[in-house]
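In what follows, chains carry the letters A, B, and so on, assigned in the order in which the sequence lines appear, proteins first and then strands, with residues in each chain numbered from 1. What you see is a predicted model; the values in this text were computed from it and never measured.
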Amino acid sequence: MPWAASIAALPAAIVRSNAMELSTRYTPKDIEAPLYEKWNASGCFQPPAEGEGSGKTFTVMIPPPNVTGVLHMGHALNGTVQDIVVRHRRKAGFDTLWVPGTDHAGIATQAVVEKKIFAEEKKTRDDLGREEFLRRIWDWKEEHGNMILRQFKSLGCSCDWTRTKFTMDPDMSLAVRTAFVDLWQKGLVYRGARLVNWDCVLQTAVSDDEIEYVSRKGKLWHLRYPMTDDPSKHIVVATTRPETMLGDTGVAVHPDDERYRDVVGKTVRLPFVDREIPIVADDSVDPEYGSGAVKITPGHDPADYERGQRHGLPIVNLLEKDGSLNENGGPFAGKSREAVRKELVAQMDEMGLLGEVEDITHNVSTSDRSKSPIEPLVSEQWFVKMQPLAEPAIGALKKGDLQFRPERWGKVYLHWLENVQDWCISRQLWWGHRIPVWYDEDDVGVASVDELEIGAPHPKTGKPIVRQDPDVLDTWASSWLFPIATLGWPDKDAADLRRFYPTQFLSTAQEIIYLWVARMVMAGYAFMPELDEPDRNPFSTCYIHATVLDAKGKRMSKSAGNGIDPLDMIEQYGADAVRYSLVLLTKEGQDVRLAPDRFEQGSRFCNKVWNAARFVMMNLAGERATGAPERFEDRWILSRLARTIEEVSSALDEYRFNDAATTMYRFVWNDFCDWYVELSKHRLTGDDEASSRDARATLTRVLRDSLGLLHPFTPYITEALWEALHDTLGEEAPAMLAVAPWPTGEGLAIDDAAEAEMRSVQDLVGCVRQVRALTMVAERKPLPVVANVANEGTRGVLQQHADAVRSLAFLESLELTEGAERPPSSAVAVAGGIEAYVVLGEEVDFAKLRDVLAGRAEKVGKALVGAEKKLQNEGFLAKAGADVVEAERERVVELQHEKDLLERNVAGF
RNA sequence: GGACCUAUAGCUCAGCUGGUUAGAGCGCUACGUUGACAUCGUAGAGGUCAGUGGUUCGAAUCCACUUAGGUCCACCA
């Protein structure tokens, strides 16, 4: 066996006992930062140069966090997930690339800086002017913009920092302009009037996702509109925003509504502005709500905009950009919308045109950023036609080229794509990619990748160019290009693009499936046409990570103040503990409730690993192993190791992180520490040199492979121990653990016999421990044990491993027999067909022990009755598989035996 | 209003394609510090698997409905 041989080859004299220098507790603080530096400096986060690696690439794009961002638990979870994948693939021999970056986050960043400048200098962006203001944002970005990336580093994320991208880097800008012009040339970009969400404070359009619906108390005013043909008659409409009546261009009722049948087609005369507007019939009106008639304000309400379109009604825009009324407001022009509401209602009342006023609670759309009420208004914006782009993205999922995990998120993705609306890509901001469209004096626009000079001839018309479009593009117009642009697009021959596109894995949050994920897929198909169709798709797996909730099951958010700061947790418990805890707690697809003390589990596990390694290293000094170990406990733990490698590897291949972490937890703690390490102690201190050497060799092998398997989860502690282990062995480590090959299980075998033998040993040891605990006899007082074992094979096995049992259970002697009577002053426990009499040599209180045995007898009895019933059931015998029936028969025999033993001994007390 | 998710021990959660004496961690109880680890060890207590009905020889597991909680989307004139 190669691993045993490698240890055997060590010159004993040069081995230093480094383990003695390891403190008894794991203290992450001292080791994390230097190790990170070491990794990063070694270049191991970068993929090998082309031609020097395996040629199999594995690429991951980080969802670029906002430059204004601060690491929250969601980031920490997502960073952990990605780093596990990346570190695993790197060790498994892939040329692995994880591209980091940040997003310029147009409105968020502009708002942060604007606020800061105003607080410090009482100046607005208009006071500074566009150029100066942008310079200030860049300054701010240089100073503060890398905070979140530093925080990802402290988590241990192994991104290739040499490829860090910012979505406003010059090459990203080039990609954005190129994409825009490409869409322009394909006729997919158009300019049009559209109702947008207007933030009167920030004075920009905001996207739907930047709006919150806030439940507020309000009123529903019933207004009477006089009929044109008979002003003494009215039609009553109900509204929450009476001031918008000045912009009404119609009234709608339901076509089937008897009450209004006669008035459809007639007109009403709108007070204040004296406009004659028609009454139309429209299906969208709910006859039950309010008066059953609704005013139509196409300029300031999305639903009314639709109705207006259907009935060809004109649009009247009432508002200035700051929310005050413009000249269309008639007598109210120039006043604020709040003031107009009050005055208008009062005047309607005076005119006798105000009806009922209901108190209601309704949702008011509010700007996320400024917290001011959103005013829908019509303005000129740029749009991208989405349907042609959406089709291949739909196909990608349906053909299976793109897979969501958990799969159900695919439905969310499809639902959006199949109902996709055109994308409003212009924003009235300064911070962002300026729209690459220039106009001549006749306002004829042209898109251009290259900057066009003011005064230069317009490429189409030849007339001088007079201005560039003042708006900037939506932030997502750059982030949707992230997978291709970071690799060199639009240069189609860029080495990285050829080598690393398409990527294999994207991990992100559910709420950006449409905003980001779907659009990246669209971009892949739209802008990488030279690839075969499945390869245009930017990532084959989209992993939607859990939502992190607080201990009460509420979403963690800044405004709720219920967040747990991952940096505090890293500070307190260490990055490895934070990572391991998160993964241990996060079953795929299941949201996770988090409280600060949840991180203790990971922390304890790290400490356990640390001390297990210490134990191994303390016992390594100067020893050599010779050949393949022959003892069953060696074969057992190596068999368990083989299974563990298999399970962890396949779990990671399938992105089942929680399963992999749980498997490692059980193996390290329950198998290795609880049983193998304990069993090795008597060998290490005993006289049998060969046995001792085998134990050392096995301990080393298990530790070495375990560190490898754990490395993706807990990179720091494993790397530190890897180093210490090789120091102790006096070996030069073949490589840093971060790049050492993934454990393959070479030379290991699954050994069912050894596993069965171990189970019997565990049963017998368990019996003795139970007796000692329940009779209060000191745990380590040497006692004689007489064990009845009816099964000859088991008896033989236990006989063979008597020394192991004696050492684990602290026995004075062990006698294995069949059918022996209960020795005087002994107590008994039963497990797995073994009846173990522990000779106590003193009078003790058996009450607890008897209760436990009786309880167990009852349980086994119930199971037995169930199993027997099953075997008497003809349906079961006829329909269940033969193997199932056979297993059930065997079970009955075992249960019967166990029950007999238990009952006999309960009666004997 | 639409879609989806969840309900298992005091708490947080596992339990794969139906057959288990229903598991883990924390907490709780008892005992234990002679060389890995008290961030530890050993043992124990604790669950009619939300409710109802159905499918099946057999349901924590599959289906329907009900109840309670949550997330996302849309929308409330």
Over all strands shown, is [X] touching base, sugar-phosphate only, or nothing at heavy-atom distances under 4.0 angstrom?
X        : value
A:Ala238 : sugar-phosphate
A:Cys606 : nothing
A:Arg856 : sugar-phosphate
A:Arg25  : base
A:Leu584 : nothing
A:Tyr514 : sugar-phosphate
A:Val771 : nothing
A:Gln770 : sugar-phosphate
A:Thr239 : sugar-phosphate

For [N], which nucleotide is its Watson-Crick or G-U wobble mate, given both distances must be under 3.5 Å?
N     : value
B:C65 : B:G51
B:G32 : B:C40
B:A3  : B:U71
B:U56 : none
B:A45 : none
B:G23 : B:C13

Would you mind reading off the distance between [X] atom [atom1] and [N] atom [atom2], rounded to a whole angstrom?
X        : N     : atom1 : atom2 : answer
A:Glu588 : B:G15 : CD    : P     : 11 Å
A:Met776 : B:G32 : CE    : P     : 8 Å
A:Phe605 : B:C40 : CZ    : P     : 13 Å
A:Lys411 : B:A3  : NZ    : P     : 10 Å
A:Asp304 : B:C75 : CG    : C1'   : 13 Å
A:Asn658 : B:U12 : CG    : C1'   : 13 Å
A:Asp576 : B:U39 : CG    : C1'   : 15 Å
A:Glu375 : B:A77 : CD    : P     : 13 Å

[atom1] gap between [N] and [M], integer Å:
N     : M     : atom1 : result
B:G54 : B:G69 : P     : 28 Å
B:U52 : B:C26 : C1'   : 34 Å
B:C49 : B:C62 : P     : 15 Å
B:G46 : B:C11 : C1'   : 13 Å
B:A64 : B:U55 : P     : 15 Å
B:A50 : B:G15 : P     : 14 Å
B:G53 : B:U42 : P     : 44 Å
B:G51 : B:C4  : P     : 24 Å

Side chain of [X], heavy atoms from C-beta onward: which of [options] has the nearest atom to it?
X        : options             : answer
A:Thr24  : B:U39, B:A38, B:A14 : B:A38
A:Leu774 : B:A43, B:C4, B:A77  : B:A43
A:Lys608 : B:A36, B:U6, B:U42  : B:A36
A:Arg769 : B:U34, B:C40, B:A43 : B:A43
A:Asp301 : B:C76, B:G25, B:C31 : B:C76
A:Ser603 : B:A36, B:U39, B:A14 : B:U39
A:Ala880 : B:G19, B:U6, B:U71  : B:G19

Basic-acidic side-chain contact under 4.0 Å: [X], [Y]:
X        : Y        : answer
A:Asp851 : A:Lys848 : no
A:Arg310 : A:Asp282 : yes
A:Asp301 : A:Arg241 : yes
A:Lys411 : A:Glu418 : no

Does one side chain, of A:Arg614 or A:Asn611, offer a donor that lies under 3.5 Å from an acceptor on the other? yes
Please check if the side chain of A:Tyr305 supplies one atom and the backbone of A:Gly299 the other of a donor-acceptor pair under 3.5 Å. no
Just one of A:His545, A:Arg405, A:Arg656 clears the side chain to side chain donor-acceptor pair (under 3.5 Å) bar with A:Glu588, so which one? A:Arg405
Taking 4.0 Å as the cut-off, does a side-chain nitrogen or oxygen of A:Trp669 come that near to OP1 or OP2 on B:G41? yes
Look at the side-chain N and O atoms of A:Lys870 and state whether any lies under 4.0 Å from the OP1 or OP2 oxygen of B:G19. no
On a plain distance test, is the side chain of A:Lys587 in donor-acceptor contact with the base of B:C13 below 3.5 Å? no
Base of B:A36, side chain of A:Glu678 - is there a donor-acceptor contact under 3.5 Å? yes
Taking it one step at a time, do A:Tyr413 and A:Phe404 satisfy ring pair (Phe, Tyr, Trp, His ring centres under 6.0 Å)? CA-CA 9 Å; A:Tyr413 168 91; A:Phe404 277 87; 5.1 Å; yes
Closest nucleotide of RNA chain B for A:Arg593 versus for A:Arg408: which of these residues is on the 5' side? A:Arg408
Would you kindly compare A:Arg666 and A:Glu511 by the position of their nearest RNA chain B nucleotide and give the one closer to the 5′ end? A:Arg666
Between A:Phe657 and A:Tyr543, does the ring centroid distance fall short of 6.0 Å? yes
